[in-house]
Asks: 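My questions will all concern the structure given below.
Model, not experiment: these values are computed from the prediction.
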Amino acid sequence: MNASGAKSSTPPVVIDLIERCHTLGRDPKVTNYGGGNSSAKGKVVNPATGKEEEVMWVKGSGGDLGTLTVNGLAVLRTQAGHELVNVYQGVEREDEMFPLWDFCRFGPGGAAPSIDTAMHMFVNAQHVDHLHPDSIIAIATAKDGRELTKKIFGDELAWVDWRRPGFELGLDMAKIQKEHPKAIGCVLGGHGLTVWADTSKECQERSLAVIKKAEDYIAKHGKPDSLGVIRPTFKPLSEEVRHEKAALIAPAIRGVASTDARMVGHYTDSEVVLDFVAREKLLQLAELGTSCPDHFLRTKIRPLTLDLPSETSVEKLLESLRKEHETYRRRYAEYYQKYATPTSPPMRGSDPTVVLVPGIGMFTYGKDAFTARIAGEFYVNAINVMRGAEALSTYQPIPESEKFRVEYWDLEEAKLKRMPPPKPLAGRIAMVTGAGSGIGKAIALALAAQGSCVCVADRDLAAAEKVLQEIANEDNALAVYMDVTDEASIEAAFEAAMLKFSGIDILVNNAGISVAKSLLDTTNEDWDRQHDIMPRGSFLCSRAATRVMVEQGMGGDIIYIASKNAVVAGPDNVAYGSAKADQAHQVRILAAELGKYGIRVNGINPDGVVQGSGIFSSGWGAQRAALYGVAEDELGAFYAKRTVLGREVFPEDVASAAVALLGGSLAKTTGLLVPVDSGVPQGFLR
């Protein structure tokens, strides 16, 4: 058998395990993304010996139950796993055991074992689920959690005092199981739930049943308003007002959250969040922080809270933000210094990853859009936990010292170091105008491929949404309607970007049209339309982007897609050529003006980009082909023949130039216009 579980030889027990994982993992109230793990044990024939032996399949390190595949399972020989007990030298050296799981692997392939492997190996059952349900963690973090567990579940679930996940916890679980023969699982203090059974179906049913039992008990016996009463002046603003206000403060919040490392943001204004930030106990509970290790590894030990009434002005909110950020950084540094040992990993950064704002909602941050969103989901889990714990008792998460032991664990540090290096534009957020087709589409796809979050803006929203489908990453991309001649439309598109990502780092002014006419045939309308879309539209978008970039305080990039026609005098082209010349000069002017903010402004002068071009397909191609006396489908080849290199220019060539300007190699270049035209001598810049 292929140990990694190739589909052609996947045992039925593994198929059942994967189905169970998907069922349990798709509900965030059962377990958070990437959290928890399930396992199954079964017998297979070892091809090396021809003999049958027992192996264990368990979700590997970094996997997610809800989306798990067979290749995401670690596959281990159970006999070898149990024999590790013979070389174990005690809790002080338990971290030395983790690498030994690699010596227990069964065959090639499979995922790396996770830190929870011991729990699954040593519990004497064929099937084990370890989950992080909100209702169970509420009991696990209650001051009298042990008593509540006994009261709610009797002999059905045992209690295990908090212990950092690892080898010793696995041994604790095995001991608890022996001491409580009637138990089907246990509540892990400050952490979560583990359940076991002889069949996959029974294990799943038991897990869901005890979670439901906890939910029902909290609903029936928990006191109302467990988070305190709603403060009248902290109630949610109307959706329109809070979104407008969120968009205004998002860049500044992202800026402070990115002091140590560039972050992407995510905004949440769900009912759970808005209710929590309006409650009397907001500061008290937020200060205590989260408890489950999976939570605080994403959310840090506590959020930054702007405990101000909903109607507080943007100016006062931002003033408070900066003061609270200074306090947060100082306190985080003190937390690190208090618990760090000479062998602790260096402090990873002292900025918040969760910011709570009454009346408006929650902003969460991560190295990419996915991580930022997941941090928000985890804090919603934490809110539900606090509510449940306070409903039954008093919320009492694990001590800060234990949080530090997990956050700055050598094994956690090693896990971070194993992660692949980020892509060149990871953490950057781009707005590309006219991105529904042609050059704009190619640039949007190229930036996304390089790791950037991308706002695909176009007057044709359906076309923008098709580009979104090609990017195929809902976290990292957003399709927005934008008419660059309409200030309100631009403002709405940027507001959508703020609510999605919390900021903008890159603007690509690509939207454009062209009408090829002689001077005498060019109407006022022809002139005004082209100048409204290109120089005026670029000006409006650049101004909107600059406002965001300045507020963020992180620099930025603006790229103008101008044209060879900005410098070459061609026939029947007065409106388009002068509009492009205007754009080209905006590059120079803005580069000189915005450098003090760390904003670079560069341009690209393409020529003859026929394939996929919205401009050429809308009549410009036919007009230029008629002017030059060639068939329209031969226009690209015609343009190529008049160049130095003799090669046709494609949208992807322009996109490559944009990536080159943004990727870091030209970090000290601004005010540059890059020709992408295969070499048109008349267009050489001098």
Side-chain angles (χ1 to χ4, degrees), residues 224-257 264-287 299 302-325 328 352-365 369 372-373 375-384 386-387 455 478 480-481 487-504 544 547-548 551-552:
D225 291 334
S226 62
L227 300 178
V229 298
I230 290 180
R231 297 172 289 177
T233 58
F234 286 69
K235 288 183 178 180
L237 299 169
S238 68
E239 182 177 66
E240 181 181 355
V241 173
R242 71 172 178 266
H243 284 186
E244 180 182 355
K245 208 166 183 179
L248 289 172
I249 65 176
I253 299 178
R254 181 185 178 222
V256 301
V264 175
H266 180 82
Y267 169 64
T268 305
D269 63 341
S270 64
E271 184 177 345
V272 170
V273 170
L274 291 172
D275 178 80
F276 180 61
V277 296
R279 293 284 177 173
E280 185 180 31
K281 293 183 181 180
L282 169 63
L283 270 182
Q284 171 194 332
L285 294 173
E287 176 67 18
T299 65
R302 62 177 60 87
L304 186 157
T305 306
L306 299 182
D307 194 39
L308 297 168
S310 306
E311 297 290 349
T312 301
S313 69
V314 169
E315 292 74 21
K316 288 188 177 180
L317 278 176
L318 297 185
E319 180 183 348
S320 175
L321 170 69
R322 295 180 179 102
K323 290 180 180 178
E324 292 297 332
H325 181 235
Y328 189 98
T353 57
V354 178
V355 178
L356 303 174
V357 187
I360 296 174
M362 172 175 68
F363 298 84
T364 52
Y365 296 89
R373 176 175 63 81
E377 291 183 6
F378 277 46
Y379 202 79
V380 168
N381 288 128
I383 293 171
N384 291 331
M386 294 175 196
R387 179 183 290 108
C455 301
L478 172 71
V480 291
Y481 172 82
E487 285 188 70
S489 171
I490 293 170
E491 289 174 5
F494 273 85
E495 178 177 305
M498 298 308 103
L499 298 181
K500 176 73 172 179
F501 300 121
S502 286
I504 289 290
R547 285 170 176 160
V548 174
E551 192 66 55
Q552 290 173 158

Asks: Measure the CG-CG distance between Leu274 and Leu356 for me, rounded to the nearest 0.5 Å.
Replies: 11.0 Å

Asks: Ignoring hydrogens, what is the shortest heavy-atom contact between Leu478 and Phe501? Give both atom names and the distance.
Replies: CB-CE1, 4.2 Å

Asks: Quick one: CE on Met386 to CZ on Phe276, what's the gap to the nearest 0.5 Å?
Replies: 5.0 Å

Asks: How close do Gly265 and Ala372 get, heavy atom to heavy atom, and via which atoms?
Replies: C-CB, 3.9 Å

Asks: Mind checking whether Phe363 and Tyr267 have parallel, tilted or perpendicular rings, split at 30° and 60°?
Replies: tilted

Asks: Does the Lys235 side chain pair with the main chain of Ala278, one donor and one acceptor, at a distance under 3.5 Å?
Replies: no

Asks: Measuring from Glu495:CD to Ile490:CD1, what's the distance to the nearest 0.5 Å?
Replies: 14.0 Å

Asks: Find out whether Val277 and Val357 are in side-chain contact, i.e. whether some heavy atom of one side chain is under 4.5 Å from a heavy atom of the other.
Replies: no

Asks: Are Ile230 and Arg279 packed together at the side-chain level, in the sense that at least one heavy-atom pair is separated by less than 4.5 angstrom?
Replies: yes

Asks: Look up atom CD in Glu319 and atom OG1 in Thr312, then write down how far apart they are to the nearest 0.5 Å.
Replies: 11.0 Å

Asks: With the threshold set at 4.0 Å, does a side-chain nitrogen-carboxylate oxygen contact exist between Arg322 and Glu551?
Replies: yes

Asks: Report the C-alpha separation of Glu280 and Asp225 in whole Å, then their side-chain angles, then the decisive distance to 0.1 Å, and conclude whether the side-chain contact (heavy atoms from CB on, under 4.5 Å) test is met.
Replies: CA-CA 9 Å; Glu280 185 180 31; Asp225 291 334; over 6 Å; no

Asks: How long is the gap from CG on Leu321 to CG on Leu306, to the nearest 0.5 Å?
Replies: 5.5 Å

Asks: Looking only at non-hydrogen atoms, find the nearest pair between Pro251 and Met498 and report the distance.
Replies: CG-SD, 3.6 Å

Asks: Compare every heavy atom of Ile504 with every heavy atom of Ala497, then report the nearest pair and how far apart it is.
Replies: CB-CD1, 4.0 Å

Asks: So Asp307 and Glu324, do their side chains get closer than 4.5 Å, heavy atoms only?
Replies: no

Asks: Can you name the closest pair of heavy atoms from Ala493 and Val480 and give their distance?
Replies: CB-CG2, 4.1 Å

Asks: So, taking the atom named CG in Leu282 and the one named CD in Glu287, what distance separates them when rounded to the nearest 0.5 Å?
Replies: 11.0 Å

Asks: Just so I know, are the side chains of Leu237 and Glu311 near enough to count as touching, which here means a heavy-atom distance under 4.5 Å?
Replies: yes

Asks: Any side-chain heavy atom of Leu317 sitting closer than 4.5 Å to one from Lys245?
Replies: yes

Asks: Within the distance-only criterion (no hydrogens, no angle test), does the side chain of Thr353 pair as donor or acceptor with the backbone N or O of Thr299 below 3.5 angstrom?
Replies: yes

Asks: Would you mind reporting whether Glu240 and His243 have side-chain heavy atoms less than 4.5 Å apart?
Replies: no

Asks: Apply side-chain contact (heavy atoms from CB on, under 4.5 Å) to the pair Leu308 and Lys316, showing each step before the final yes or no.
Replies: CA-CA 9 Å; Leu308 297 168; Lys316 288 188 177 180; 5.7 Å; no

Asks: Please report the closest heavy-atom contact between Tyr365 and Val355, naming both atoms and the distance.
Replies: CE1-CG2, 4.3 Å

